Amino acid sequence: MVSASTGTGSVAIDRERCLGSGQCLVMAPDVFDQDEEGLVTFRDGVPPADVTSDIEDAVNNCPAVALTLTY
């Protein structure tokens, strides 16, 4: 599991659960990316605070429940 601090909390990725659907990229393209295997990764840098609602959307729409957000 990998995690990153956001402006208001911490978001974690469980890559073993990721199915590579890409919903996180659609919901939060400034935060997430996919690697060459299609699995979710973080874009470089700390996600800014103004994308917290985008991260929440990505967490709530991940079909594999591979993302978590804690405050």
Side-chain angles (χ1 to χ4, degrees):
M1 186 167 304
V2 293
S3 63
S5 296
T6 69
T8 57
S10 177
V11 62
I13 298 171
D14 185 343
R15 289 175 43 89
E16 292 184 17
R17 295 186 70 121
C18 181
L19 300 174
S21 71
Q23 290 299 307
C24 51
L25 276 72
V26 172
M27 301 293 170
D30 294 332
V31 178
F32 300 107
D33 200 355
Q34 286 179 303
D35 66 12
E36 63 280 349
E37 296 175 358
L39 301 178
V40 63
T41 64
F42 288 110
R43 291 200 177 277
D44 293 334
V46 176
D50 64 347
V51 297
T52 299
S53 66
D54 294 345
I55 295 171
E56 290 172 343
D57 288 342
V59 169
N60 292 330
N61 287 286
C62 177
V65 193
L67 305 174
T68 55
L69 178 64
T70 56
Y71 296 100

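Fair warning: this is a prediction, and the values are worked out from it, not measured in the lab.
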Check your understanding: When hydrophobic residues are tied together by side-chain contacts of less than 4.5 Å, even through go-betweens, does Val31 share a cluster with Leu25?
Key -> yes
Review point. Is Val65 reachable from Tyr71 through a run of hydrophobic residues whose side-chain heavy atoms are each under 4.5 Å from the next?
Key: no
Review point. How far does OG1 of Thr52 sit from CG of Leu69, to the nearest 0.5 angstrom?
Key: 7.0 Å
**Study point:** Pairs flagged by side-chain hydrogen bond (donor to acceptor under 3.5 Å, both in side chains) wherever residues 60-69 is involved - sequence neighbours left out
**Key:** none
Study note, to complete from the structure: With sequence neighbours left out, the residues meeting side-chain contact (heavy atoms from CB on, under 4.5 Å) with Cys24 are Phe32, Val40, Ala58, Leu67
**Study point:** Pairs satisfying salt bridge (Lys or Arg N to Asp or Glu O under 4.0 Å), at least one member in residues 48-68, at least two apart
**Key:** none
Check your understanding: How many angstroms lie between OG in Ser3 and CG in Asp14, if you round to the nearest 0.5 Å?
Key -> 11.5 Å
Review point. Backbone N or O of Gly20 within a donor-acceptor pair of the Gln34 side chain at under 3.5 Å?
Key: yes
Study note, to complete from the structure: Contacts satisfying salt bridge (Lys or Arg N to Asp or Glu O under 4.0 Å) that involve residues 22-35 (not counting sequence neighbours) are Arg15-Asp35, Asp33-Arg43
Check your understanding: Can Val51 be reached from Val26 by stepping across I, L, V, M, F, W or Y side chains whose heavy atoms are under 4.5 Å apart?
Key -> no
